[in-house]
Amino acid sequence: DVKVTQSSRYLVKRTGEKVFLECVQDMDHENMFWYRQDPGLGLRLIYFSYDVKMKEKGDIPEGYSVSREKKERFSLILESASTNQTSMYLCASSLPGSAMTTQYFGPGTRLTVL
Amino acid sequence: KNQVEQSPQSLIILEGKNCTLQCNYTVSPFSNLRWYKQDTGRGPVSLTIMTFSENTKSNGRYTATLDADTKQSSLHITASQLSDSASYICVVTPNSGNTPLVFGKGTRLSVIA
């Protein structure tokens with residue numbers, strides 16, 4: 001079974017702090033994604049990566065950056081956390097190429113910024 | 001603009017009853033449509049996937065239908081169980097290279113005893 005793990009299930013940070021959210025997948029997937037999920041808004045794509053050291057902006061990249069130094073790890077960075085970044089963050093991974101490939105999601109990190 | 005609209009926003013049903021969730025999309029060209037189930041506090045898990053040429057796909061008590069002409073899909077749950085309580089998300093894959101998925105906002109289903 002594909003396993004996507006996220007470093008924390010719950011995280012509480014203060015405004016202005018630098019926050020790192022880590023995601024690791026064990027199936028050698030090329031593609032990795034970071035989403036945030038908010039009530040009434042559904043999942044929104046922040047950043048994605050189709051290869052090591054490669055990144056593409058999603059729909060809402062402002063206030064975030066990412067790092068993909070190794071194939072299995074994709075990190076989401078909040079340079080200076082703000083209260084409007086309080087959300088559920090979901091990481092996903094998939095095989096490349098075909099649109100039929102399934103995205104496998106991690107359990108999510110619920111981030112609260114005070 | 002590519003969009004996916006789901007209805008209802010939330011639904012409460014009695015255990016053992018059937019229910020149907022709706023999904024309308026404007027994504028074009030379109031490759032496939034998936035339904036995901038997301039338990040509270042967990043990540044989404046894929047239930048079904050249909051290409052534009054498929055009309056129906058079943059996964060146990062879950063049956064998804066697709067009408068590519070009207071751009072509508074439905075997810076029918078038969079003989080609901082308490083464990084069906086979750087959010088159900090409709091996701092459409094555009095048929096254009098690495099274009100990201102288009103997500104609906106989900107339907108929150110509560111099954112009560």
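Predicted model, so just to flag it, every value in this text is computed and none were measured. The chains referred to below are lettered A, B, ... by the order of the sequence lines, with proteins before strands, and numbering in each begins at 1.
- Contact of A:Phe33 with chain B is not made at all, since no heavy-atom distance falls under 4.5 Å.
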(request) List the steps and the verdict of side-chain contact (heavy atoms from CB on, under 4.5 Å) for B:Lys105 and A:Asp38. (result) CA-CA 9 Å; B:Lys105 295 177 183 178; A:Asp38 301 287; over 6 Å; no
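- Linking ILVMFWY side-chain heavy atoms closer than 4.5 Å, directly or via other members, places A:Met32 and A:Leu45 in two distinct hydrophobic clusters.
- Under the 4.5 Å side-chain heavy-atom criterion for grouping Ile, Leu, Val, Met, Phe, Trp and Tyr, A:Phe48 is not connected to A:Leu78 through any hydrophobic cluster.
- You'll find the side chain of A:Gln103 stays beyond 4.5 Å of the side chain of B:Arg34, heavy atoms only.
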(request) Carefully, step by step, assess B:Leu101 and A:Tyr35 under the rule side-chain contact (heavy atoms from CB on, under 4.5 Å). (result) CA-CA 11 Å; B:Leu101 306 180; A:Tyr35 297 89; 4.3 Å; yes
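- Annotation for A:Ile60: atom CD1 counts as buried by contact number, over 12 foreign heavy atoms lying within 6.0 Å.
- With a 4.5 angstrom heavy-atom cutoff, A:Glu56 does not touch chain B via any of its atoms.
- Heavy-atom distances place the side chain of A:Arg9, and not its backbone, under 4.5 Å from chain B.
- Both A:Val19 and A:Val66 are assigned to one and the same hydrophobic cluster, defined by single-linkage of ILVMFWY side chains at heavy-atom distances under 4.5 Å.
- In A:Arg44, the CZ atom is crowded: over 12 heavy atoms of neighbouring residues, nucleotides or ligands sit closer than 6.0 Å.
- In this structure the side chain of A:Thr102 never reaches within 4.5 angstrom of the side chain of B:Ile49, judged on heavy atoms.
- For residues 81-90 of chain A, heavy-atom neighbours of chain B at less than 4.5 Å comprise A:Met88, A:Leu90, sorted by residue number.
- In the hydrophobic clustering of ILVMFWY residues, with side-chain heavy atoms under 4.5 Å counting as a link, A:Leu43 and A:Leu21 come out apart.
- Heavy-atom distances place no part of B:Gln6 under 4.5 Å from chain A, backbone and side chain included.
- A single hydrophobic cluster is not seen to contain both A:Leu95 and B:Val45; linkage of ILVMFWY side chains at heavy-atom distances under 4.5 Å, directly or through other members, places them apart.
- Among the candidates A:Gly58, A:Ala92, A:Gly40, A:Pro39, the residue making the largest number of heavy-atom pairs closer than 4.5 Å to chain B is A:Gly40.
- Note that the CZ atom of B:Arg42 and the CZ atom of A:Phe105 stand 14.0 Å from one another [nearest 0.5 Å].
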